[in-house]
Amino acid sequence: MTKIQVYNTMTQKKEEFIPREPGKVSIYVCGVTPYSDTHLGHARPVVVWDVIKRFFRMLGYETFHVTNFTDVDDKIIARSAEEGVPALEISKRYIAEYLASMDALGVERADVYPKVSEHMPEIIGLVEKLVEKGNAYVANGDVFFHVASFPDYGKLSKQRLEELREGTRFEVDPAKKDAVDFALWKEAKPEEPAWESPWGDGRPGWHIECSAMSLKYLGEAFDFHGGGDELIFPHHENEIAQSEAATGSELARYWVHHGMVNLKDTKMSKSIGNVISLRELTKRYPQELLRFYLLSAHYRSALEYYEGKLEEVGKGWTRLNDSFRHLKIDMERAEEKELTDFDKKTLENLVQFEEEFISALADDFNTARAFGVLFEVVREVNGYKHQGGRTRQVLQKAFDIFQKFAGDVLGVLQTEQAQDSGLVEALMELLLELRQELRKQKNFALADQIRDQLAGLGVTIEDTPEGPRWKV
RNA sequence: GGCGGCAUAGCCAAGUGGUAAGGCAGAGCUCUGCAAAAGCUCCAUUCCCCAGUUCGAAUCUGGGUGCCGCCUCCA
C-alpha cells in the first residue's frame, strides 16, 4: 500500500501516516463560528480536506470526518443583540449559508456537523470531570482550566509558560489563579443565552466544545486534527490540555495545519474587514476553477488572492480542461488496434505520470506537485495526438488518468454542461455544416461573420484538421 | 519581547545533500484562408545576504536582513 507522509505540527516534521485503525481514517477539522458570511479563507480547508479524503478513499481507506459549528459564542450573541433576533436563529442562518457555499465548491460534506448548542450535556460532563480531577477550578459562576496542572502545556505551539505569562496583552480576569488559565464555563450575564449547569446558568468557553465533541464522535487519539495555522495557539493548545488532562490519552495523532489566504500580504479576516465573499466568487467562477486555485499551492503555505488572480490561474486551468475535452472526443472516435512502438512508449510515460501523481499526493498531500504532473500528462497526450497517434488504448489510458486524478481526486475537471435538450447541439451542427460549405466556396467573409457573431454569444469555434469544434 | 513559518525567473509555484518540476506572461517557428487550439524551440550557471560543514548545498549549521502568522475573536 502507498505510504503516506504527513507533516505533523506536533513533531514539526513529516511522519509516515499510520492510522489508528487499519484502513480507516478519522478526521476532525475545526469549523466556523457562524455569525457572518462565508469568505474565501473558509474555503481553503474545506477544499484541502475534501481532496485529502478523496485521496484516502482512492487508496481504499474509509474516512470519517467531523467538523463542528461553534454556534454559542460572544460574536453571535453580539449580533443577536444588534439585530434583535435570537442567537440560535443567527447561527442557523449562517450555517445554512456556509453549507450552501461549500456545496457550491463541489465538496463532499462532513459525516457529522456537531453544534455546541446540542452538546451541552457532553460539555458540562467534561468540565465536571476536569474539576474533579483537579485540573479546573470554580470561581463564582465561572470555571477555569488551571494550565499549571497540565505539565505538557505548550507542546504543540512550543510555548513556555513563563513567556506566555509575560506576553499577556490583555487585562487578566482577577478570578483567575494564573494569567494563562482560560475559561471552560462562563457565567451568563442577564439577557444572554444560558444553559443550566452545576455552577449556575452560563455557557461554555471557547475550546471546550471541540474537546467534548471530538471525543464523542471520534474517541481518543483519533487520526487527524486539522485547522488553520492561526488556531495552533491558543485554540489547539488548549484543546490538548483539556482533552488529555481529562482522558489521560492523546487527543489526536497528527496535527495538520493549513496556511492562510492573504489579501495583499495580509490575512483575510473578518476583524480586518478584507474578506472576499465566497458567495460572490462561486457566482463569478466555476467551482472547478476555484478548487484549482485553492489547490495550486501546498496547503501549508500562505495563498495570495487579488483581483484578477482567478483570471490568471484560469488560463492554465482552461488548457487542462481543453486537453481533456478534446481527448474525450478523439478517444470516442478512435479504434483499438495493435500497439506500435510509439503507442507503447506513450503508454509507458502515462503510467509513469500516474505513479508520480500518487507520490506527489502521498507526500504530505502536495497538490502543487500533483498539478505539475498533470500538465506533463497534458503535454504528453497533446503531443501524441499532434504526431498522429490515434490508438484507442492510449487515449483511453490518458482519459482514465485525467478522470481519476484531475476529476475524482482533485475535482478540477469541468463537468459537461448539462444540455437541457439536444436542440442546441443540433442547431450548432447545422450552423457549422453551413459554415464549412461557405469555407469550401472560399466565402470567408460570411464564414467569419458566423464565427464572430457566435463569439459574441459566448460560443467559440475552432477549426481543426478533423473538422470544427465548438464550446461555450 | 517570546513562539512558529516563509524568502526559488516578470508573476504564481514544486524541489529539502548530487548538480533548478510545472503553470502564466514573453520571443521565435510549424500548422492555418484568417483565427483559435495544438506542437516544437528559447526564457534562473542559479535559488535574500555573509560565513561554515561537505568531494558536492537552493537543500545541512551559524550569523544577518526582510516579510507573514500567533501570543486578543479569527479557517
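Quick caveat: nothing in here was measured; it's all calculated off a predicted structure. Below, read A as the first sequence line, B as the second, and so on, with proteins coming before strands; counting in each chain starts at 1.
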Which nucleotide in the list rA75(B), rC24(B), rC3(B) gets nearest to the side chain of K315(A)?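 Between rA75(B), rC24(B), rC3(B), the one nearest the side chain of K315(A) would be rC24(B).
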
Counting side-chain heavy atoms from CB outward, which of rG22(B), rC70(B), rC71(B) is closest to K267(A)?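 Looking only at side-chain atoms, K267(A) lies closest to rC70(B).
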
Answer with base, sugar-phosphate or nothing: what part of the nucleic acid does [X] contact at a heavy-atom distance below 4.0 Å?
X       : result
G372(A) : base
Q387(A) : nothing
V46(A)  : nothing
G31(A)  : sugar-phosphate

Partner nucleotide of [N] by Watson-Crick or wobble geometry (both distances under 3.5 Å):
N       : value
rC34(B) : none
rC70(B) : rG2(B)
rC47(B) : none
rU54(B) : none
rG17(B) : none
rC40(B) : rG28(B)

For the residue pair R79(A) and E83(A), establish whether any side-chain heavy-atom pair is separated by less than 4.5 Å. yes

Within a strict 4.5 Å, meaning less than it, do heavy atoms of the V116(A) and P204(A) side chains meet?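 They are in side-chain contact.
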
Mind checking what makes ring-ring contact (aromatic ring centres under 6.0 Å, His included) contact with F444(A), not counting sequence neighbours? none

So K75(A) and T33(A), side-chain contact (heavy atoms from CB on, under 4.5 Å) or not? Walk me through it. CA-CA 8 Å; K75(A) 293 184 295 291; T33(A) 300; 4.3 Å; yes

Given protein heavy atoms under 4.0 Å, the one-letter contact record of nucleotides 5-19 of chain B, with B base, S sugar-phosphate only and - none, is simply S------SSSS----

Sugar-phosphate atoms are those with a prime plus P, OP1 and OP2; base atoms are the rest. Using that split, label each nucleotide of nucleotides 32-38 of chain B B, S or - for protein heavy atoms under 4.0 Å, 5' to 3'. -BBBBSB

Determine the interatomic distance between C1' on rA9(B) and the same-named atom on rU45(B); round to the nearest Å.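 It works out to 14 Å between them.
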
Expressed as a whole number of Å, how far does the P atom of rA57(B) sit from that of rG23(B)?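 So the two P atoms sit 29 Å from each other.
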
